[in-house]
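Numbers here simply count residues along the sequence, with the first being 1.
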Amino acid sequence: MVKPALLAFTAAASLVTAAGAAPAADAPVAKWLGDELPLPLPVKTPQDIGFKSAAERQYLIFNLMAGGKVAYQRGDYAAAVDKWETLLRINGLDPQIERAVTPFLVDARAKAAGHLGSRVETRPEPEAITPAERTAEPHARASATSGRRVSSSSQVSVSGTVSGGGQIGPGGAVLWLKRLDGPMPRIVPPANQVVTQREKTFLPHVLAVPLGTTVQFRNDDRIYHNVFSIAKPNDFDAGIRATGATYTRTFNSPGAVEILCNIHSTMNGYVFVVDSPLYTKVQASGAFSIRGVAPGRYELAAWHEAASNITRKTIVVGGEGAHDVTVTVGGDKRPGPFVPDKYGHKRQPQLGY
């Protein structure tokens with residue numbers, strides 16, 4: 001008997017091949033329905049909810065799988081990595097799908113890193129530019145040893161590559177610096193930090209912010225959503241929210257804040273709160289850069305959602321900065337026995353759609 005996962009992969013492959021090939025004259029272009037959710041399925045009974053939930057889960061899996069292949073074939077490796085990494089984060093994903101996707105994902109990561117490497121020195125990607133430049137005070141900072149003022153021209157960058165992260169890969173890791181031999185610049189929380197809910201996905205999947213930042217959560221789907229976290233002391237519950245509704249939360253304690261939707265158990269994301277203005281989120285390729293760093297001795301810390309512990313190492317930043325820094329994050333964190341509801345309890349199977 002052919003497994004549903006293999007049927008989905010075969011269908012995805014045939015559609016992707018058709019979408020990626022040049023159609024003959026007057027030949028219809030093969031398409032699937034699209035990747036918009038929710039599906040137009042009426043919900044009137046608990047059985048309808050269960051049916052719609054199962055259908056939309058398979059539909060989401062198909063679109064992430066096939067959409068990644070379309071991006072891969074047109075050479076948009078970063079987009080392919082983004083879709084396939086999102087796919088592999090779905091709880092309870094069929095191992096056959098993981099085996100089918102993983103070789104392509106590994107290759108896409110390598111190719112995305114190659115494309116980045118050819119231009120990283122002359123034109124850094126937006127993700128590589130540290131939020132430190134937006135959160136640290138723009139004026140000169142006090143010297144650690146003499147009390148004199150240090151101009152911004154003496155600031156340098158710390159850059160390198162992160163590896164590890166298990167099946168997810170290194171993308172989305174959060175790195176930050178804490179100075180060991182002098183004062184740190186004051187944290188100035190950035191404005192306009194937004195996490196949207198779109199196509200039953202939190203975007204971005206990981207948002208890194210410094211202490212004191214207010215984050216807006218916005219529902220951009222045409223269905224009801226909730227957003228909550230049970231990560232104390234940053235726990236919160238935004239309640240049920242309709243399309244376009246927003247909710248704001250200020251985060252005053254450092255650490256990982258996993259965010260979930262009490263309606264859709266497949267949705268999760270993270271707000272990671274750092275107690276430093278010198279931080280960045282790692283790109284899908286593993287590349288990172290933290291700018292606006294004063295020379296000195298620092299502890300470099302790295303968090304990743306797949307790691308059970310934070311990685312820490314000491315680095316020395318000289319007058320030219322610190323480059324080719326390598327960091328390895330773990331991939332050993334095991335998923336919990338169930339996805340909790342907003343009370344921390346196991347969810348009732350008939351809830352969610």
Return yes if some donor-acceptor pair links the side-chain N/O of [X] with the main-chain N/O of [Y] below 3.5 Å, else return no.
X: Gln193; Y: Ala191; answer: yes
X: Asn226; Y: Ile263; answer: no
X: Asn219; Y: Ala245; answer: no

Work out which heavy atom in [X] is nearest to a heavy atom in [Y]; give both atom names and the distance.
X: Pro185; Y: Pro277; answer: O-CG, 3.4 Å
X: Val81; Y: Ala284; answer: CG1-CB, 3.6 Å
X: Leu211; Y: Ile187; answer: O-CG2, 3.7 Å
X: Ala71; Y: Ala80; answer: CB-N, 3.7 Å
X: Val329; Y: Thr311; answer: CA-OG1, 3.9 Å
X: Ala78; Y: Ala112; answer: N-CB, 4.2 Å

Are [X] and [Y] in one and the same hydrophobic cluster, where Ile, Leu, Val, Met, Phe, Trp and Tyr link if side-chain heavy atoms are under 4.5 Å apart?
X: Tyr77; Y: Ile168; value: no
X: Val257; Y: Val195; value: yes
X: Val282; Y: Ile315; value: yes
X: Leu105; Y: Ile61; value: yes
X: Met184; Y: Leu175; value: yes

Hey, is CZ on Phe338 packed in by over 12 heavy atoms from elsewhere, all under 6.0 Å?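 Yes - once you tally the heavy atoms of other residues, nucleotides and ligands closer than 6.0 Å, there are more than 12.
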Surrounding CZ of Arg297 (heavy atoms of other residues, nucleotides or ligands, distance under 6.0 Å), is the total greater than 12?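 Incorrect, the count does not exceed 12.
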Walk me through whether Arg109 and Ser285 qualify under side chain to side chain contact (heavy atoms under 4.5 Å, CB included). CA-CA 6 Å; Arg109 284 174 180 155; Ser285 64; over 6 Å; no
Going by heavy atoms in the side chains, are [X] and [Y] under 4.5 Å from each other?
X: His205; Y: Glu305; answer: yes
X: Val317; Y: Gln155; answer: no
X: Thr201; Y: Met267; answer: no
X: Ser157; Y: His323; answer: yes
X: Lys281; Y: Pro204; answer: yes
X: Asp221; Y: Thr243; answer: no
X: Pro210; Y: Ser276; answer: no
X: Val206; Y: Trp303; answer: yes

Value rounded to 0.5 Å, distance of [atom1] in [X] from [atom2] in [Y]:
X: Glu85; Y: Leu64; atom1: CD; atom2: CG; value: 12.0 Å
X: Phe217; Y: Cys261; atom1: CZ; atom2: SG; value: 12.5 Å
X: Asn63; Y: Leu87; atom1: CG; atom2: CG; value: 10.5 Å
X: Leu207; Y: Phe202; atom1: CG; atom2: CZ; value: 12.0 Å
X: Lys83; Y: Leu88; atom1: NZ; atom2: CG; value: 13.5 Å
X: Arg312; Y: Ile310; atom1: CZ; atom2: CD1; value: 5.0 Å

Given side chain to side chain contact (heavy atoms under 4.5 Å, CB included), test Thr161 with Asp324 step by step and report yes or no. CA-CA 7 Å; Thr161 305; Asp324 299 320; over 6 Å; no
Should the ring pair His225 and His264 be called parallel, tilted or perpendicular, given that the plane angle runs from 0 to 90° and is split at 30 and 60? perpendicular
Over 60° means perpendicular and under 30° means parallel, so classify the ring planes of Tyr72 and Phe104, tilted if in between.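 Phe104 vs Tyr72 ring planes: perpendicular.
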Taking atom types as modelled, find out whether Asp332 and Ser308 have a side-chain donor-acceptor pair closer than 3.5 angstrom. yes
Quiz question: by atom type and distance under 3.5 Å, do the side chains of Asp237 and Asn262 form a donor-acceptor pair?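 Asp237 vs Asn262: no donor-acceptor pair found between side chains.
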Is it the case that the ring center of Phe272 lies less than 6.0 angstrom away from the ring center of Trp176?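 Ring-ring flag for Trp176/Phe272: true, centres closer than 6.0 Å.
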When Thr250 is tested against each of Thr213, Asn234, Thr214 for side-chain hydrogen bond (donor to acceptor under 3.5 Å, both in side chains), which residue passes?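 By the side-chain hydrogen bond (donor to acceptor under 3.5 Å, both in side chains) criterion, Thr250 pairs with just one of Thr213, Asn234, Thr214: Thr214.
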So, applying side chain to side chain contact (heavy atoms under 4.5 Å, CB included) with Val209, which one of Val271, Val174, Val274 is it?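 It is Val271; the other options fail the test.
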Carboxylate-amine/guanidinium contact Lys178 Glu299, below 4.0 Å: no
Can you check side chain to side chain donor-acceptor pair (under 3.5 Å) on Asn268 and Glu258, steps first, answer last? CA-CA 7 Å; Asn268 87 308; Glu258 184 176 20; 3.2 Å; yes
Checking Val325 against Phe288 for the side chain to side chain contact (heavy atoms under 4.5 Å, CB included) test, could you report, in this order, the C-alpha distance in whole Å, the side-chain angles of both residues, the deciding distance, and whether it holds? CA-CA 9 Å; Val325 177; Phe288 75 89; 4.1 Å; yes
Taking the six-membered ring of Tyr247, is NZ or CZ of Arg249 closer than 6.0 Å to its centre and within 45° of its axis?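 Verdict for Tyr247: no cation-pi partner in Arg249.
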Pair Leu278-Arg179, side chain to side chain contact (heavy atoms under 4.5 Å, CB included): steps then yes or no: CA-CA 10 Å; Leu278 306 174; Arg179 190 161 183 177; over 6 Å; no
